[in-house]
Protein chains: 2
Amino acid sequence: MKTASEKVVHRLILYKKLLKNFQSKSVRNIFSHNLAEHASLNPAQIRRDLMLVGYDGSTVSGYNVNDLLFCIEKFLYPNEIQNVALIGLGNLGKSILDYCYGRHPIIAINAIFEKDPNKINRIICGTRCYHIDDLEIIVKKNSIKIAIIAISSSVTETIAKRLIECGVKSIINYSNACLSFPAEIYVENRDMMFAVEKAAFFSKKEKEI
Amino acid sequence: MKTASEKVVHRLILYKKLLKNFQSKSVRNIFSHNLAEHASLNPAQIRRDLMLVGYDGSTVSGYNVNDLLFCIEKFLYPNEIQNVALIGLGNLGKSILDYCYGRHPIIAINAIFEKDPNKINRIICGTRCYHIDDLEIIVKKNSIKIAIIAISSSVTETIAKRLIECGVKSIINYSNACLSFPAEIYVENRDMMFAVEKAAFFSKKEKEI
DNA sequence: ATTTAATTGTGAAAAAAATAACAACTTTAA
DNA sequence: TTAAAGTTGTTATTTTTTTCACAATTAAAT
Ligand SMILES: NC(=O)c1ccc[n+]([C@@H]2O[C@H](COP(=O)([O-])OP(=O)(O)OC[C@H]3O[C@@H](n4cnc5c(N)ncnc54)[C@H](O)[C@@H]3O)[C@@H](O)[C@H]2O)c1
Ligand SMILES: NC(=O)c1ccc[n+]([C@@H]2O[C@H](COP(=O)([O-])OP(=O)(O)OC[C@H]3O[C@@H](n4cnc5c(N)ncnc54)[C@H](O)[C@@H]3O)[C@@H](O)[C@H]2O)c1
């Protein structure tokens, strides 16, 4: 399996999403410049990225949407089902759960952890809510390697360490805490203020004349 | 004003956040390698980034936390208050509103737009909820340049176009739609499935021996 | 006084990412 | 037949980003 940078993986996921859209519109074939337009990218970049996934287009009809999708998915997806843990079922946790539900064929939230007794043992979006004390047991039992953190920042680091301790390899952190772990752990801190501040910075850009 | 890439701006925002943490712990001075450790970055990268903001550290005591913060903020922040529009006050919209409330000295959500009559004219987190039909009027009146979209994907593109039409320069899109606009518009598509899929891809990485 | 130790700012080098360029290919048109 | 048009895969080039490396600086230790 060839390796790929985070940027390339991000774009492949984007191509997959765009291709699914085309597929649902019954588009059969597509050229790199079509994808490029929708992705705001250079066509050469797309062709280069697609070299990784081992599917050859035709110089006449470009890429077959179904076949290309299949190859991208084969490249991206793990072999087995990927279980994901969600920590915290507040407002944000609920909308994450809701959003993820049924969106992916093999990656799915499979366990929720809470400290609020009112939420524990309930089943939401087909997913059981466990007590946070049972974290280690459930994570190990389900071979969970991915966790989404949506609890208050004060407890985030402690929980993150516990997660990694019991085998989690990737963390998506929505709290205000800045998580930082050795490189073999994949961490994405998704503090939305970063997006807002970047948006503010780049909205200052005056149109060049 | 020197220009900066999105990556550099992202890191500067991160430094700012880390410095605020240090400040709140009454740390007076800090070295590039301290920041580097917390940011999981190379110290040279940090020093290079800081060249942009025009603050010189001392070879003995490193950077004065307060002074450096001041310079980063001066570099990042616009001169005037930045008003932000939030489109959609569902589950996600509410948690975004809640999260952003009071978090930034000069960037703040200032108008909410909805189509649900039950929500219109209510005031949440100090912010008025308007009817989506009033979008153009309110956005222009408040010189809103930044919008956060948290409505269903089917209407996202239409609303995004309306926003840009009335002067919005940056859009943060949480819906499933993939927005794509000319380069002078800053767009961040924050589909969380990208994060989950990336997390899944990189959690496969076996520890190298 | 001198040396040692530690850090900064920055030019130079290296690495990574994006883009350009083009041979090879296939179809259609002339 | 041959030429033209349009695309791909991939190499080469350019651009951007990151890292290295070191003179300059300062304070403390000797
Ligand atoms: N990045 C973003 O875009 C964004 C947006 C909104 C909120 N947030 C952050 O996400 C987090 C959750 O936000 P929210 O609006 O859902 O808050 P919330 O208060 O509605 O929900 C937090 C939930 O976490 C649970 N919890 C708290 N401590 C726990 C623990 N130790 N173990 C297990 N469960 C625990 C609580 O019982 C509660 O249900 C907060 O840190 C918030 O600041 C981030
Ligand atoms: N990126 C993410 O991480 C993430 C997470 C959760 C949800 N989402 C997406 O964000 C969007 C909102 O999610 P939610 O859970 O808040 O959904 P929701 O149904 O709770 O809220 C949607 C809100 O938008 C309003 N709305 C709908 N059409 C509108 C229009 N034309 N003008 C103004 N308001 C309108 C509705 O009245 C409702 O209040 C959805 O597209 C969802 O898929 C994204």
Side-chain angles (χ1 to χ4, degrees), chain A residues 2-15 18-19 22 27-72 75 180 183 198 201-202 205, chain B residues 2-15 18-19 22 27-72 75 180 183 198 201-202 205:
Chain A
K2 274 176 220 130
T3 179
S5 72
E6 195 183 322
K7 291 189 141 212
V8 172
V9 172
H10 187 99
R11 286 195 301 264
L12 288 173
I13 298 168
L14 176 58
Y15 306 154
L18 295 174
L19 287 167
F22 283 115
V27 176
R28 291 292 183 85
N29 291 286
I30 201 155
F31 296 117
S32 61
H33 66 259
N34 302 132
L35 281 171
E37 200 183 348
H38 284 82
S40 300
L41 291 171
N42 182 304
Q45 170 116 79
I46 287 170
R47 296 202 298 277
R48 167 164 290 271
D49 289 340
L50 294 186
M51 283 172 70
L52 269 176
V53 306
Y55 168 69
D56 277 9
S58 135
T59 59
V60 177
S61 50
Y63 305 99
N64 175 285
V65 171
N66 293 340
D67 295 351
L68 179 53
L69 248 176
F70 180 82
C71 286
I72 293 178
F75 179 84
S180 167
K198 277 196 269 180
F201 185 87
F202 290 109
K205 263 192 331 202
Chain B
K2 274 177 221 129
T3 179
S5 72
E6 196 183 320
K7 289 187 143 212
V8 172
V9 172
H10 187 98
R11 286 195 300 264
L12 287 173
I13 297 168
L14 175 59
Y15 306 154
L18 295 173
L19 287 167
F22 283 115
V27 176
R28 291 293 184 83
N29 292 286
I30 200 153
F31 296 117
S32 61
H33 65 259
N34 302 132
L35 282 171
E37 200 183 348
H38 283 81
S40 300
L41 292 171
N42 182 305
Q45 170 117 79
I46 287 170
R47 296 202 298 276
R48 175 158 295 271
D49 289 340
L50 294 185
M51 283 172 70
L52 269 175
V53 307
Y55 169 68
D56 277 8
S58 136
T59 59
V60 176
S61 49
Y63 305 98
N64 176 284
V65 172
N66 293 339
D67 294 353
L68 179 53
L69 248 176
F70 180 84
C71 284
I72 293 179
F75 179 84
S180 167
K198 277 195 269 181
F201 185 86
F202 290 109
K205 261 192 332 201

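Heavy-atom basis, side chains included; hydrogens, waters and symmetry copies ignored. Order of the sequence lines sets the chain letters (A, B, ...), proteins ahead of strands, with each chain counted from 1.
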Engineer: For the pair made of CG in Leu50(B) and P in dT10(C), what is the distance, rounded to whole Å?
Structural biologist: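 About 11 Å, once rounded to whole Å.
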
Engineer: For the pair Tyr63(B) (side chain) and Tyr55(B) (backbone), establish whether a donor and an acceptor sit closer than 3.5 Å, ignoring hydrogens and angles.
Structural biologist: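 No.
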
Engineer: Taking any heavy-atom pair under 4.0 Å as a contact, classify Ser61(B): base, sugar-phosphate, or nothing.
Structural biologist: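 The answer is nothing, as Ser61(B) stays clear of every strand by at least 4.0 Å.
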
Engineer: Met51(A) CE to dT8(D) P: how many Å, rounded?
Structural biologist: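 Roughly 14 Å, once rounded to whole Å.
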
Engineer: What heavy-atom pair brings Cys71(B) and Gly54(B) nearest, and what distance separates the two atoms?
Structural biologist: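 That closest heavy-atom pairing would be SG-O, 4.1 Å.
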
Engineer: From CZ of Arg47(B) over to P of dA21(D), roughly how many Å is that when rounded to an integer?
Structural biologist: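 To the nearest whole Å, that distance equals 13 Å.
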
Engineer: Apply side chain to side chain contact (heavy atoms under 4.5 Å, CB included) to the pair Leu41(A) and Leu35(A), showing each step before the final yes or no.
Structural biologist: CA-CA 8 Å; Leu41(A) 291 171; Leu35(A) 281 171; over 6 Å; no

Engineer: Tabulate protein N/O versus nucleotide N/O from nucleotides 25-29 of chain D, keeping only pairs under 3.5 Å, one per line.
Structural biologist:
from    : atom 1 : to       : atom 2 : distance (Å)
dT25(D) : O2     : Thr59(B) : OG1    : 2.9

Engineer: Over all heavy atoms of both residues, which pair between Asn42(B) and Ala36(B) is shortest? Give the atoms and the distance, please.
Structural biologist: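 Looks like C-CB, 4.1 Å.
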
Engineer: Provide, to the nearest angstrom, the distance between the CD1 atom belonging to Ile46(A) and the P atom belonging to dT10(D).
Structural biologist: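 So the CD1-P distance, Ile46(A) to dT10(D), works out to 17 Å.
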
Engineer: Which heavy atom of Ile46(B) sits nearest a heavy atom of Ser32(B), and at what distance?
Structural biologist: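 Shortest heavy-atom contact: CD1-O, 3.8 Å.
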
Engineer: Whole-Å distance between dG6(D) C1' and Asn29(A) CG?
Structural biologist: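 Going from CG in Asn29(A) over to C1' in dG6(D) covers 15 Å.
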
Engineer: By nearest atom, which of the nucleotides dT10(C), dT7(D), dG9(D) is closest to the Asp56(A) side chain?
Structural biologist: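 The listed nucleotide nearest to Asp56(A)'s side chain is dG9(D).
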
Engineer: What is the distance, rounded to the nearest whole Å, between atom CZ of Phe31(B) and atom P of dA5(C)?
Structural biologist: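 It is 16 Å, rounded to the nearest whole Å.
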
Engineer: Would you kindly give the NE2-to-C1' distance between His33(B) and dT19(D), to the nearest whole Å?
Structural biologist: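 To the nearest whole Å, that distance equals 18 Å.
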
Engineer: Looking only at non-hydrogen atoms, find the nearest pair between Asn64(A) and Asn66(A) and report the distance.
Structural biologist: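 That closest heavy-atom pairing would be OD1-N, 3.0 Å.
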
Engineer: Which protein N or O atoms sit under 3.5 Å from an N or O of nucleotides 13-19 of chain C?
Structural biologist:
from    : atom 1 : to       : atom 2 : distance (Å)
dA18(C) : OP1    : Lys7(A)  : NZ     : 3.3
dA18(C) : OP1    : Arg11(A) : NH1    : 3.4
dA18(C) : OP2    : Arg11(A) : NH1    : 2.8
dA18(C) : OP2    : Arg11(A) : NH2    : 3.1
dA18(C) : OP2    : Gln45(A) : NE2    : 3.1
dT19(C) : O4     : Arg48(A) : NE     : 3.1

Engineer: Taking all atoms of both residues into account, what is the closest heavy-atom pair of Val53(A) and Leu12(A), and its distance?
Structural biologist: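 Scanning both residues completely, I find the closest heavy atoms to be CG1-CD2, 4.0 Å.
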
Engineer: Report yes if the distance between the aromatic ring centroids of Phe201(B) and Phe75(A) is under 6.0 Å, otherwise no.
Structural biologist: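 Centroid separation for Phe201(B) and Phe75(A): below 6.0 Å.
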
Engineer: Begin from the C-alpha positions of Tyr15(B) and Leu68(B) and carry the test side chain to side chain contact (heavy atoms under 4.5 Å, CB included) through to its verdict.
Structural biologist: CA-CA 9 Å; Tyr15(B) 306 154; Leu68(B) 179 53; over 6 Å; no

Engineer: Using whole Å, what does the distance between atom P of nucleotide dG9(D) and atom CG of Leu35(A) come to?
Structural biologist: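 Distance check: Leu35(A) CG to dG9(D) P gives 12 Å.
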
